[in-house]
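Structure first, commentary second.
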Amino acid sequence: MRDLSGQNHYLSAVRATPFYEKQKAVDLVNTWHRWQGYTVPDVLDNVTVEYFAIRNSASVFDITPMSKYRIKGPDALAFMNRLLPRDMTKLRVGRVGYTVWCDDEGMVIDDGTVFRVAEDEYWLCAQERQLEVLKRNAIGFQIEYAEITDEVAALSFQGPVTCKILKNAGFAGIETMKMFDLRFFDFPDGEIMISRSGYTGDLGYEVWVQNDQAEAIWDTLFEAGKHYDIRAIGGDALEIARVEAGLIAAHVEFSPANETVRPGHAKSPYELGLGWLVKLDKGVVFNGRRALMKEKKNGSRHRFVKLDVEGNKTACNAYLFDKKHGKQIGHVSSTAWAPTAKKNIALGFVDMPHGEIGTEVWAEIYYMKELKWNTRWAKCTVMKDAAWNPPRKTLTPPADF
Amino acid sequence: MTDMSNTTYDSIIIGGGHNGLVCAAYLAKAGKRVLVLEARGEIGGAANTMTFCDGRKVSPCAHYLNQLNSTVRRDLNLTSHGLKMAGSDISTIALNPEGDHLFLNDQGASGAGISANDAANYGRFMKLMQQYSTMLGFLVDLPPIDIFNPDWDDKVAALKLGWNVRFGLGAEKMSEFLRMVGMNIYDVLDDEFDNPTLKGALAFDAVLGTHTGPRSPGSVLTFLYRMVAGTDGAVELPEGGMGAVTSAMAKAAAGFGATIKTGARVASVIVENCVATGVVLDNGATYSATHIISNADPKTTVMDIVGPRHFEADFVKRVDNIRMRGNAAKLHIALKSLPRFTNLSAEQLRSRLLIAPTHDDVERAFNHAKYGEASANPMMEISIPSIDDETLCDEGHVLSAIVQYAPYTLKGGWTEAAKDNFRDACIDRIARYAPDIRDHIEAAELVTPADLEQRYGMRGGNWHHGELTLDQMLMLRPAPEASRYALPLDGLYLCGAGAHPGGGVMGAAGKNAAKTILSEGRS
């Protein structure tokens, strides 16, 4: 990329991450998209090959554009406990937690991961920008918060052999890290943070480094993984993996409450199948508490469902019905042909009380063949678990190869 | 009263201002065990009477009674508790530097070269304004209508409002009301009148005690607001100053069995498992109750006394955004004897004296305040209460004036020098109308919005506990989630002027809060 530093920033409407040159070097197809101001690849080579790197070997995905924040100060725990519906007193130093956060109406603003890096310091990693949310939440708390999105480069390193590769790279003791542990490791030019976390429902890690360490960590991983089919991947392969893992995405499964203007268009944690994150009885006030208590008592509007769709046509953007040609009860939000689970799957929402596990709903699927539209009715079974949820996701130590 | 060594009460009221006392009285009357905790050494908050120099007493904030809720006055039987008026139906004189003053009373307007046309129109205009405020007046005695989840009472109130506007006023006046209610007073006065002195006086009444000028949006509404709630816009002077009003309220509350403690500053509210259950005083004493009711302003309540972490973030942000910019100062002058105001008899000094020569002058005075300066030519509402009320002075007289504008956030701060300068500017201003006043002055003090905040804990020195503008009224006061006196923290309530219907020595907020609490569990 051209030099865009200093006053030359205007020469491009997107920015390059510190891994840009490394990705460009293995890019065969030149298909990129804009993600929070950065340019990132959809695909670098071939989406199928990249997907199978996630499930069968090791994939490297640039998550630098994720919104990252540092929250630090004597009130850091109290601040996080008011911001998040989880009981944050339970998240010890060295642990990571998946979480959502809500507005006062109990509607989800965003989801993400929270890292307790020290007694009085957290990192928050989110899909959307959260500076305004942090600003209004900080009123009355002794904390400092800062956006560190542009200062921390990050890679998502996912797949069954990732532990082995990290071990090869010299990160001693990596195999003792449990799911959602975080640890600091020595690295040239300063410590780096590795967490056992990800967005693929599989064994994997996320590696957090300073920008000037970015190329070195990339090279370290690829050198250590050269005999293990390590592969840089784009967003398209990751999308298949996250649907297979049944994980939600902002602007797909929910409209962030703080930018949703139409009444009733935002969703609560319960409606996203994330009621397990909400600790109503944690004894302190948190955002959305009163509304969520009411919802818990009176019932939710929608239910999040993971669907096993009959046939081979993906139920892209389909409406859901209670029976074939029946009453419309919901819609599909994400779909995929799940290559590892070997299932045609979908994520979606149905009106309560529909969608209990094991029940059927119907999708009216529109699909195009050589520019001609066809429809097909497909029976969908509500699954209990995600289509892909292997024991190795949480197994410690992970299998050696 | 029963033994109070057990420190558990039904209700604890934080602050013994007039609304806190009214709330206490209503709750105690209903048989509740009530404790009022007042930080200062005496009850009344800003509605009290203070000695500002030897043997001279004055009402340190509001000095006229024009909004005291008639239901409160009746229900608490304030007269039997010693409330007496030293003056009622007090007329207004809008001063003219040349001595050609304008006299405003219930007979109409005269003087200042007012035309027959303007004089006739003045009567008609005030009658119309009174009709509007009467039509809206019933809203003062109700909690704001819950438009999202209306119960039967809300629906009745909404219907009544609609009925009053449409059929109470009639089509023609309704259309006139709807035209005027959102306007600024400056434009309305230009539509209605020619006489500059009259326009100045009415413009000043519309902005008295606010952070607005006559041309600011909503100044017709604040004009109406002054008339709402009280006794048809009549201005009264309580004997013994404003402290006599709160003293009668305290006697009423105590009479019903409420306990009132002074010198008891609440340091914080005890919150257990997301419920307010008690208070801690700054001396460490604790008291518990099922209802913690704050007479402090909403910002102080949420931000300082309870703490933002006990509320959800969007609510905290809304409370943080409540505008409460005090912009009125008080000037108190101890007088050896009455000064001579040009072309006014001593008898006429019983009136409410206004220095607001034209509506443009009022607007110009506000211009300074917009940019953090005190007005170069301040506007004033002057009272010499000691003429009618001998209890205020052993000898001589006391002059009390509300002075605008004196912004809370004065550039460079309210230093002693800044206060002295503004005090002198105010006295100079009075001297234009009463040239010999300096010969009569024994002492003078200026009470700035910063002083009001420091003395009475009202943020920004805003004595309405939040500016009275359309976006901070009714169901938006102080915030949509808290407009019905219950704050979004179980067990915690507001009863002060920061809640509907707002400020002025009115007592309606305290009464409505008590009624709301008493009706809990009934719906």
Side-chain angles (χ1 to χ4, degrees), chain A residues 71 73-85 87-89 101-110 124 130-143 145 256-260 263-264 266 268 278-294 298, chain B residues 146-151 267-278 292 294 296-324 459 475-476 478-493 520 523:
Chain A
I71 294 126
D75 282 346
L77 170 60
F79 172 85
M80 298 309 281
N81 220 9
R82 207 272 301 255
L83 175 67
L84 307 176
D87 183 355
M88 295 308 291
T89 60
W101 48 99
C102 299
D103 64 7
D104 283 14
E105 315 283 312
M107 293 294 138
V108 172
I109 292 172
D110 203 356
L124 184 69
Q130 301 300 327
L131 211 48
E132 208 285 324
V133 171
L134 295 179
K135 185 180 172 194
R136 68 170 53 201
N137 273 274
I139 298 170
F141 287 88
Q142 258 196 68
I143 56 141
Y145 58 91
N258 57 344
E259 49 184 276
T260 301
S268 77
V278 182
K279 291 285 176 271
L280 290 176
D281 57 356
K282 70 176 173 174
V284 294
V285 171
F286 61 91
N287 297 337
R289 175 181 163 271
R290 290 164 73 87
L292 293 171
M293 280 171 72
K294 210 179 278 179
N298 300 337
Chain B
D146 184 344
I147 50 174
F148 293 104
N149 192 17
D151 65 10
S268 63
V269 166
I270 302 167
V271 180
E272 289 170 318
N273 203 11
C274 310
V275 180
T277 58
I292 311 298
S294 176
D297 68 76
K299 258 189 183 173
T300 302
T301 302
V302 169
M303 299 302 196
D304 298 342
I305 300 176
V306 184
R309 69 188 56 191
H310 297 299
F311 299 91
E312 299 178 28
D314 297 340
F315 175 73
V316 170
K317 177 73 179 160
R318 263 178 216 132
V319 171
D320 197 41
N321 281 352
I322 294 171
R323 296 186 312 282
M324 40 191 315
R459 279 214 182 190
M475 57 284 275
L476 302 173
E481 305 87 338
S483 67
R484 310 259 284 193
Y485 307 100
L487 285 165
L489 175 67
D490 290 348
L492 187 68
Y493 300 80
E520 271 177 5
S523 51

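Quick note on labels: first sequence line is chain A, next is B, and so on, each numbered from 1. Just so you know, these numbers come straight off a predicted model, no measurement behind them.
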Fill in the blank from the handout: Those residues at least two apart in sequence (or on a different chain) that pass ring pair (Phe, Tyr, Trp, His ring centres under 6.0 Å) with B/F311 are B/F315

Extract the chain B to chain A donor-acceptor pairs under 3.5 Å, no hydrogen or angle test applied.
{"unit_1": "B/P308", "atom_1": "O", "unit_2": "A/R82", "atom_2": "NH1", "d": "3.3"}
{"unit_1": "B/R309", "atom_1": "NH2", "unit_2": "A/D75", "atom_2": "OD2", "d": "2.7"}
{"unit_1": "B/F311", "atom_1": "O", "unit_2": "A/R82", "atom_2": "NH1", "d": "2.5"}
{"unit_1": "B/E312", "atom_1": "OE1", "unit_2": "A/G288", "atom_2": "N", "d": "2.7"}
{"unit_1": "B/E312", "atom_1": "OE2", "unit_2": "A/R289", "atom_2": "N", "d": "3.4"}
{"unit_1": "B/E312", "atom_1": "OE2", "unit_2": "A/R290", "atom_2": "N", "d": "3.2"}
{"unit_1": "B/A313", "atom_1": "N", "unit_2": "A/D104", "atom_2": "OD1", "d": "3.4"}
{"unit_1": "B/A313", "atom_1": "N", "unit_2": "A/N287", "atom_2": "OD1", "d": "2.8"}
{"unit_1": "B/D314", "atom_1": "N", "unit_2": "A/D104", "atom_2": "OD1", "d": "3.1"}
{"unit_1": "B/D314", "atom_1": "N", "unit_2": "A/D104", "atom_2": "OD2", "d": "3.4"}
{"unit_1": "B/D314", "atom_1": "OD1", "unit_2": "A/R136", "atom_2": "NH1", "d": "3.2"}
{"unit_1": "B/D314", "atom_1": "OD2", "unit_2": "A/D104", "atom_2": "N", "d": "3.0"}
{"unit_1": "B/F315", "atom_1": "N", "unit_2": "A/D104", "atom_2": "OD2", "d": "2.8"}
{"unit_1": "B/D490", "atom_1": "OD1", "unit_2": "A/R290", "atom_2": "NH1", "d": "3.0"}

Fill in the blank from the handout: Taking every heavy atom of B/P308 against every heavy atom of A/G140, the minimum-distance pair comes out as CG-CA, 3.6 Å

Practice task
Between chain B and each of A/I139, A/L83, A/V133, count heavy-atom pairs under 4.5 Å; write down the option with the most.
Solution key: A/I139

